**Q** 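Here it is, the structure, as structure tokens.
Sequence lines set the chain letters: A, B, ... in the order given, protein chains first and strands last, and positions in each chain run from 1. For clarity, every value in this text was computed on a predicted model and none was experimentally measured.
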Amino acid sequence: MADTPQTDAPDYRDTLFLPKTEFPMRAGLPKREPEWIAHWDKIGLYEAQRMQAEGREPYELHDGPPYANGNLHIGHALNKILKDVVVRSHQMLGYNSRYVPGWDCHGLPIEWKVEEKYRKKGKNKDEVPVNQLRKECRDFAGEWIGTQMEEFQRLGVVGDWPGHYETMSFQAEAVIAEEFLKMIDNGLVYRGSKPVMWSPIEKTALAEAEVEYHDHQSHTIWVKFPVVKTGAQDIENTSVVIWTTTPWTIPQNRAICFSETISYGLYLVTDAAPENWTAKGDLLMVADNLAADVFKAARVDAYEKVRAVSADELAGMVTAHPFRGVDDANGEWDYDVPLLPGEHVTDEAGTGFVHTAPSHGADDYMIGVKYKLPMTHNVGPAGEFRDDLPFFGGLHILDRKGKEGKANDAVIKKLSEVGRLAARGKLTHSYPHSWRSKAPLIFRNTPQWFAAMDKPIEDDTEYSGKTLRERAMDSIDRDVQWYPPTARNRLYNMIENRPDWVLSRQRIWGVPLCCFMKETGPGQIEILRDKDVDARILKAFRDEGADAWFEDDAAARFLAGRDDAAEWTKVTDILDVWFDSGCTHAYVLRDGGGKWPASVYLEGTDQHRGWFHSSLLESSATRGRAPYERVVTHGFTLDAKGIKMSKSLGNQTAPQDVVKQYGADILRLWVMQVDYTEDQRIGPEIIKSVADSYRRLRNTFRFMLGSLDGFDASERVDPAEMPELERLMLHRLAELDEVVRKGYAEFDYQKTFKTVFEFATVDLSSFYFDIRKDALYCDAPDSLRRRACRTVLDILFERLTIWLAPMLCFTMEEVWQTRGANEEDSVHLQLIPDTPQAWRDDTLAAKWSNIRQVRRVVTGALEERRRDKTIGASLEAAPTVYIADSAMAEAVSGQDFADICITSDIAIETGDGPEQAFRLDDVSGVAVTFAIAKGEKCARCWKILPDVGGHSAPHTCLRCNGVIA
RNA sequence: CGUGAUGUAGCUCAUCGGUAGAGCAUCAGACUUAUAAUCUGACGGAAGCGGGUUCGAUCCCCGUCAUCACUCCCA
């Protein structure tokens, strides 16, 4: 073996320039990160950024407000971390990048929590004054804002926290009201009706949260609708059969829905008992799959299929209401009942034909809106038929105790009387009930306020005359860039197909539809339009909040001075909370001194239905275009197996836990490593592997810091004088600069991080640093090679630290500060440094690509000898390289190839080399034969060289002796 | 049910329609001068499944399965 122990050799360790740094290998992020937050707080980082960037082009990420109840979950963390990276990176790219976080405060969940307190005490919230409840809601939201704000800041999110916005601030409430009045003014708002869950017992609409599902026994009836219009001859005297569990909705029937994917048939009853409702000779249409069930229910003894009925045929068909032409009905039901295609229709139960009463079902309503069917108003608040409805006037669906009323039986009896009943029965099924009274609920249409999608808007924008739908759809393509591009289609399709916007909610915790109306006829109303009244309302909201609307004297106060004040009714509904958040662009950007339209909105894909959507509509209605220039969407976070997280499964990853155990930078790094545009996974194993990557990266920085110890500007070397290896690194930086700038501009963090990370580990740690350790440790401080290396390290350090700062905001600050930045400084106040494109040298890169190929063969050859224990360290070797390929030979010649391969010596020959030489399959024309290095081991640099010994420092090589002397 | 997506190594992700790659993890080895580090090497894949188009499909088309989001007066 070459290195027999040299007991007489002095220890030269102290003469080496080993890396020296205070920067610890162990990060201790959970403890250290809060100190950086305190530091940023102390230097006023956000304000300092604003001052520094004054006059620069503004860039504004407008924050989508999270809902102010509960602690943060992983989805919030993902969202806010992404936003923080957008904000910080754009600041560094040279913009004035503003960020004002906000919270969504109004809405049912909070109101529900407040009500819960009363429920637990057995109190009725209806007895509590509205403004007292509103105050409790406000306090509730306020507390959670405080909690969430701390949790967000702990993640490293920098923004204008003291200046954050709230949808419940007086200013916000006033602007929301103002925007609503603007939409009244341009004629978009109208009152219509929509079916909702309604309790006839409590005479109120209920929210989904107030509904419980219990088993309930219902009537089931099969009803014949006679066909009155069709192209086919043999359909005369036939009926379409429907099935329903709510006989009381039959008087409200306006259509029958069928499916275009179900096969239907025309059936002839060939045998049935004489007293049967369904008689011999009846021609009935039902779905083929359900025919047997239907005829069994109708007690038909025999039937045959006459022929199939196609969807095209059904589409043109019209039936009569079962009560058409009935005596004493006064023509109430003498209208046509069309057959319409409906995607909700199945052949799993019933007849394959769905009775449709637009006022009494969600699907029915959608069909009604789509085909412009008339809404009926036959059922009153207590679930009673209107008094003047023939046959059934005044009858109740449910009695006062929630038991069966008389309506169902009366309808069934009448159907039987007029010969339209095909069969009847009973069915027990899950049915919605009120959580309070436990009584069954019904669907009932109630007055609601809408924004019209298809009415031309006359206003003073350049898009005047276009409808809301047209404006929104135009703007999606004209004004907005979508990241990823597929996000555009989702929103576009939704806008294209959506019905009118239901603005009203029968709730209390929100901004009121602050207008007055009066009835001008049955179902007809007029909305008060009075600038003075509006001005009074807005001023009151601004000064006192929207509570002003709910004060007892509000109507008198706002209508003061009008002679007809008594004629007007105050509307007490509140606005859909999506309207609130859809207005944030107005009160945060326009009134808050920001940029309008916002540079970017960034939210989860669910916000296509939510905030992206409502903001687009609101802004299109009032300003003609989207309030954003770019929209970035991210997916949802699932557990390690790709399953949705839920409390019951116990598969949740809480951001607080990750922060506590690993630190926020690890969580941020996780975000950077996944494809956020899709759904991502997280779990213990994934977090651990992220932490591993982090450690590796951290060590690379630690090495740089240690190697730069004592670096002074006077050491710098001009790139032109640097060795090729150094210039290669500068070339790589020039390449990376482009990737980083482009990556940040296009929100592609995965690629940006991956590129920088692989550069740090592959190019730097295992190649460049490994080679240059000898020069850094052993060369004299004034050696050109060492100075060039340290110059490059300094350049590397500056860029890598700043490039990664938006992502690893804590660690990069720690790295930055370790190099003696002053107390007021921060890496987050730096701009991405210019990287001269002159550093780029593709010829050099191509050449070094060859050099690295040859190097791989050498290391491979050494590995073989290491395996058979011929050598340990590569410095014990002095191989010979045979190169046949001329480009490779050219590349290697003139290099310190022994340094590059970390051997003590190396010989380069041209030609194929001996047959038994080491080769790699994928590197042709290169062969390596092994040899032990000749000479004595230098006790200082450990190279084995012929020139060791005979110098003033014993057991040193010429170079090392020169350094010590 | 519908609408919008996704499915490639244990994990995170690449692959103009042309022999499937990278980093991390794992395993093995070396070093002890980045040391709770560093270097080297190896292992690792019916590209969810089934059809079709094509000389050729991870990629294009159809179907199917799984997962996710949206659909509710809630996020």
Side-chain angles (χ1 to χ4, degrees), chain A residues 12-13 16-19 21 25-26 66-67 69-70 73 75-76 104 107-112 194 196-197 205-211 259 261 343-346 348 362 366 448 484 486-487 489-491 493-494 497 502 504-507 573-574 576-577 604-610 633 635-638 640-644 670 672-675 677-681 683 685-686 688-690 692-693 695-696 699-700 702-707 750-751 754 757-758 761-762 765-767 769-770 773-774 776-778 859-860 862-864 866-867 869 871-875 902 940-942:
Chain A
Y12 288 108
R13 199 182 225 275
L16 292 168
F17 308 103
L18 295 179
T21 177
M25 188 147 48
R26 293 193 51 176
Y67 199 63
N69 71 336
H73 55 66
H76 290 120
D104 190 11
L108 182 71
I110 288 176
E111 191 179 331
W112 184 248
K194 183 185 182 211
V196 296
M197 288 279 202
L206 294 179
E208 182 72 13
E210 297 167 310
V211 174
S259 166
T261 58
E343 287 171 354
H344 60 292
V345 180
T346 70
E348 278 159 24
M366 297 299 289
Q448 301 291 347
T486 50
N489 295 336
R490 275 190 76 176
L491 187 60
N493 292 340
M494 282 183 192
N497 296 314
V502 183
S504 52
R505 302 288 186 272
Q506 288 70 50
R507 285 274 144 193
D573 291 354
I574 60 164
D576 177 11
V577 289
T605 56
D606 55 334
Q607 298 305 324
H608 285 103
R609 181 58 78 187
T633 55
F636 275 67
T637 305
L638 314 173
K641 291 177 192 148
I643 309 292
K644 181 182 176 168
W670 167 76
M672 298 305 110
Q673 290 194 346
V674 297
D675 178 1
T677 65
E678 296 295 337
D679 290 347
Q680 334 82 39
R681 301 173 179 206
E685 192 200 345
I686 295 171
K688 196 181 158 294
S689 88
V690 172
D692 284 336
S693 303
R695 270 216 313 277
R696 191 153 160 70
N699 256 296
T700 303
R702 183 164 183 268
F703 182 82
M704 273 193 280
L705 284 166
S707 302
Q750 189 181 47
K751 185 176 179 189
K754 193 184 166 79
F757 179 78
E758 288 190 17
T761 55
V762 179
S765 184
S766 63
F767 179 67
F769 292 172
D770 207 32
K773 270 194 286 191
D774 173 69
L776 285 168
Y777 296 178
C778 306
T859 52
L862 298 190
E863 185 61 23
E864 220 176 33
R866 199 171 307 179
R867 228 168 254 291
K869 308 286 181 195
I871 57 164
S874 59
L875 283 176
I902 319 183
R940 184 166 175 274
C941 71
W942 293 355

**Q** Check every strand shown and say whether A/F703 touches a base, only sugar-phosphate, or nothing at a heavy-atom separation below 4.0 Å.
**A**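 Contact class for A/F703: base.
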**Q** Of the listed nucleotides (B/A75, B/U35, B/C39), which one gets closest to any side-chain atom of A/V577?
**A**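 Shortest atom-to-atom distance from the side chain points to B/A75.
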**Q** Side chain of A/Q673, heavy atoms from C-beta onward: which of B/A28, B/U12, B/A22 has the nearest atom to it?
**A**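 So the nucleotide nearest the side chain must be B/U12.
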**Q** Could you classify B/A46 for me, syn or anti, using a glycosidic angle within 90° of 0 as syn?
**A** syn
**Q** Between A/N69 and A/I686, just flag the one whose closest nucleotide in RNA chain B comes earlier from the 5' side.
**A**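 That would be A/I686.
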**Q** Look at all strands and tell whether A/E758 reaches a base, only sugar-phosphate, or nothing, counting heavy atoms closer than 4.0 Å.
**A**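 Result for A/E758 = sugar-phosphate.
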**Q** Can you tell which of B/U67, B/A36, B/A34 lies closest to the side chain of A/P19?
**A**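 In terms of side-chain proximity for A/P19, the closest of B/U67, B/A36, B/A34 is B/A34.
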**Q** NA contact type, A/W942, heavy-atom cut-off 4.0 Å: base, sugar-phosphate, or nothing?
**A** base
**Q** Can you figure out which of B/U38, B/U32, B/C39 approaches the side chain of A/S766 most closely?
**A**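 Output: B/C39.
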**Q** How would you label the contact of A/T21 with the nucleic acid (heavy atoms, under 4.0 Å): base, sugar-phosphate, or nothing?
**A** nothing
**Q** Looking at the side chain of A/Q750, which of B/A14, B/C39, B/C24 is the nearest nucleotide?
**A** B/A14
**Q** So, under a plain 3.5 Å distance rule, would you say the side chain of A/K644 forms a donor-acceptor pair with the base of B/A69?
**A** no
**Q** Between B/C24, B/U12, B/C31, which one does the side chain of A/A873 approach most closely?
**A** B/C31
**Q** Mind checking the P distance from B/U40 to B/G23? Whole angstroms is fine.
**A** 10 Å
**Q** For A/R866 and B/U40, is the shortest distance between a side-chain N/O and OP1 or OP2 below 4.0 Å?
**A**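 Answer is no, no contact under 4.0 Å.
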**Q** If you measure from the P atom in B/G52 to the same atom in B/A14, how many Å do you get, rounded?
**A** 30 Å
**Q** Would you mind reading off the distance between A/R13 atom CZ and B/U32 atom P, rounded to a whole angstrom?
**A** 11 Å
**Q** What is the distance, rounded to the nearest whole Å, between atom CD1 of A/I871 and atom C1' of B/C39?
**A** 12 Å
**Q** Taking any heavy-atom pair under 4.0 Å as a contact, classify A/Y777: base, sugar-phosphate, or nothing.
**A**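 Here A/Y777 touches the bases of the nucleic acid.
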**Q** After noting the C-alpha distance and the side-chain angles of A/L638 and A/D679, does the key distance pass the side chain to side chain contact (heavy atoms under 4.5 Å, CB included) rule?
**A** CA-CA 7 Å; A/L638 314 173; A/D679 290 347; 3.9 Å; yes
**Q** Apply ring pair (Phe, Tyr, Trp, His ring centres under 6.0 Å) to residues A/F703 and A/F769 and explain how you reach the verdict.
**A** CA-CA 9 Å; A/F703 182 82; A/F769 292 172; 4.8 Å; yes
**Q** Could you verify whether a donor N or O on one side chain and an acceptor N or O on the other, from A/Q506 and A/D573, lie under 3.5 Å apart?
**A**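 Side chains of A/Q506 and A/D573: pair found under 3.5 Å.
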**Q** Taking only side-chain nitrogens and oxygens of A/S689, does any of them come within less than 4.0 Å of OP1 or OP2 of B/G10?
**A**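 Indeed not, no polar side-chain atom of A/S689 lies that close.
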**Q** If you apply the rule side chain to side chain contact (heavy atoms under 4.5 Å, CB included), what do you find for A/R13 with A/L18, and how did you get there?
**A** CA-CA 9 Å; A/R13 199 182 225 275; A/L18 295 179; 3.8 Å; yes
**Q** Looking only at non-hydrogen atoms, find the nearest pair between A/L108 and A/Y67 and report the distance.
**A** N-OH, 4.1 Å
**Q** With both distances under 3.5 angstrom, what nucleotide forms a Watson-Crick or G-U wobble pair with B/C31?
**A**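 Pair assignment: B/C31 / none.
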**Q** Looking only at heavy atoms, what is the nearest atom pair of A/S707 and A/L776, with distance?
**A** OG-CD1, 3.9 Å
**Q** Among B/C68, B/A5, B/C11, find the nucleotide with the atom closest to the side chain of A/T486.
**A** B/A5
**Q** Between B/A34 and B/A46, how many Å separate the two C1' atoms, rounded to a whole number?
**A** 44 Å
**Q** NA contact type, A/D606, heavy-atom cut-off 4.0 Å: base, sugar-phosphate, or nothing?
**A** sugar-phosphate
**Q** What nucleic acid atoms does A/K754 come within less than 4.0 Å of, heavy atoms only: base, sugar-phosphate, or nothing?
**A** base
**Q** Between B/U15 and B/C62, how far apart are the two P atoms, rounded to whole Å?
**A**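 22 Å, rounded to whole Å.
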**Q** Rounding to an integer number of Å, can you tell me how far A/D675 CG sits from B/U67 P?
**A** 21 Å
**Q** A/Y12 side chain N/O closer than 4.0 Å to the phosphate oxygens (OP1, OP2) of B/U33?
**A** no
**Q** If you assign each of A/F769 and A/E678 to its closest nucleotide in RNA chain B, which residue comes earlier from the 5' end?
**A** A/E678
**Q** Can you find a donor-acceptor pair, distance only, under 3.5 Å between A/S874 side chain and B/A30 base?
**A**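 Answer is no: no donor-acceptor pair is held.
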**Q** If B/C60 has a Watson-Crick or G-U wobble mate with both distances under 3.5 Å, name it; if not, just say none.
**A** B/G52
**Q** Measuring to OP1 and OP2 of B/C39, would you say a side-chain N or O of A/R696 lies under 4.0 angstrom away?
**A** yes
**Q** Rounding to the closest angstrom, what is the interatomic distance between B/C31 and B/C13 at atom P?
**A**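 Nearest-Å result for B/C31 against B/C13 at atom P: 38 Å.
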**Q** Please check the phosphate of B/C74 (OP1 and OP2 only) for any side-chain N or O of A/R505 closer than 4.0 Å.
**A**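 Yes, within the criterion.
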**Q** Would you mind telling me which of B/C13, B/A28, B/G23 lies closest to the side-chain atoms of A/R867?
**A** B/A28
**Q** From CG of A/L491 over to C1' of B/U3, roughly how many Å is that when rounded to an integer?
**A**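 After rounding, the gap between these two atoms is 13 Å.
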**Q** State whether A/K773 and A/D770 are salt-bridged, where the test is any N-O pair (Lys NZ or Arg NE/NH1/NH2 against Asp/Glu carboxylate O) under 4.0 Å.
**A**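 Looking at A/K773 and A/D770, the cut-off is met.
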**Q** For B/A5, does OP1 or OP2 lie under 4.0 Å from any side-chain N or O of A/R490?
**A**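 For A/R490, the contact criterion (side-chain N or O under 4.0 Å from OP1 or OP2 of B/A5) is not met.
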**Q** Strictly by Watson-Crick or wobble contacts shorter than 3.5 Å, is anything paired with B/G17, and which nucleotide is it?
**A** none
**Q** Tell which nucleotide pairs with B/G4, taking only Watson-Crick or G-U wobble pairs whose two distances are both under 3.5 angstrom.
**A**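 Across all strands, the one nucleotide that pairs with B/G4 is B/C68.
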**Q** What's the spacing between A/R695 CZ and A/R702 CZ if we round to 0.5 Å?
**A**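 If I round to the nearest 0.5 Å, the distance is 13.5 Å.
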**Q** What contact category does A/G107 fall into here, base, sugar-phosphate, or nothing, at under 4.0 angstrom with non-hydrogen atoms?
**A**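 It contacts nothing in the nucleic acid.
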**Q** Could you measure between the two P atoms, the one in B/G17 and the one in B/G7, and give it in whole Å?
**A** 15 Å
**Q** May I ask you to say whether A/K688 pairs ionically with A/D692, meaning some side-chain N is under 4.0 Å from a carboxylate O?
**A** yes
**Q** What's the gap between B/G48 and B/A5 when it is taken at their C1' atoms, as a whole Å value?
**A**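 Roughly 16 Å separates the two C1' atoms.
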**Q** Roughly, in whole Å, what's the span from CG in A/L638 to C1' in B/A69?
**A**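 From A/L638 CG to B/A69 C1': 10 Å.
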**Q** What nucleotide among B/A69, B/C74, B/G4 has an atom nearest to a side-chain atom of A/N493?
**A**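 Of the candidates, B/G4 comes closest.
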**Q** Whole angstroms only, please: what is the CZ-C1' distance between A/R695 and B/A25?
**A** 11 Å
**Q** Rounded off to whole Å, could you give me the CG-to-P distance for the A/D774 and B/C39 pair?
**A** 17 Å
**Q** Take atom C1' in B/U8 and the same atom in B/A47, then report the distance between them in whole Å.
**A**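 Result for the C1' pair: 4 Å, nearest Å.
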**Q** Does a nitrogen or oxygen in the side chain of A/R681 sit under 4.0 Å from OP1 or OP2 of B/C68?
**A**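 Answer no for this pair, as no side-chain N or O of A/R681 is under 4.0 Å from OP1 or OP2.
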**Q** Between B/C68, B/C39, B/G41, which nucleotide has the shortest distance from any of its atoms to the side chain of A/T859?
**A** B/G41
**Q** Between A/K773 and B/A34, does any side-chain N or O lie under 4.0 Å from OP1 or OP2?
**A**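 Result: yes.
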**Q** What's the spacing between A/T859 OG1 and A/R866 CZ if we round to 0.5 Å?
**A**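 Answer for the OG1-CZ pair, A/T859 versus A/R866, is 8.5 Å.
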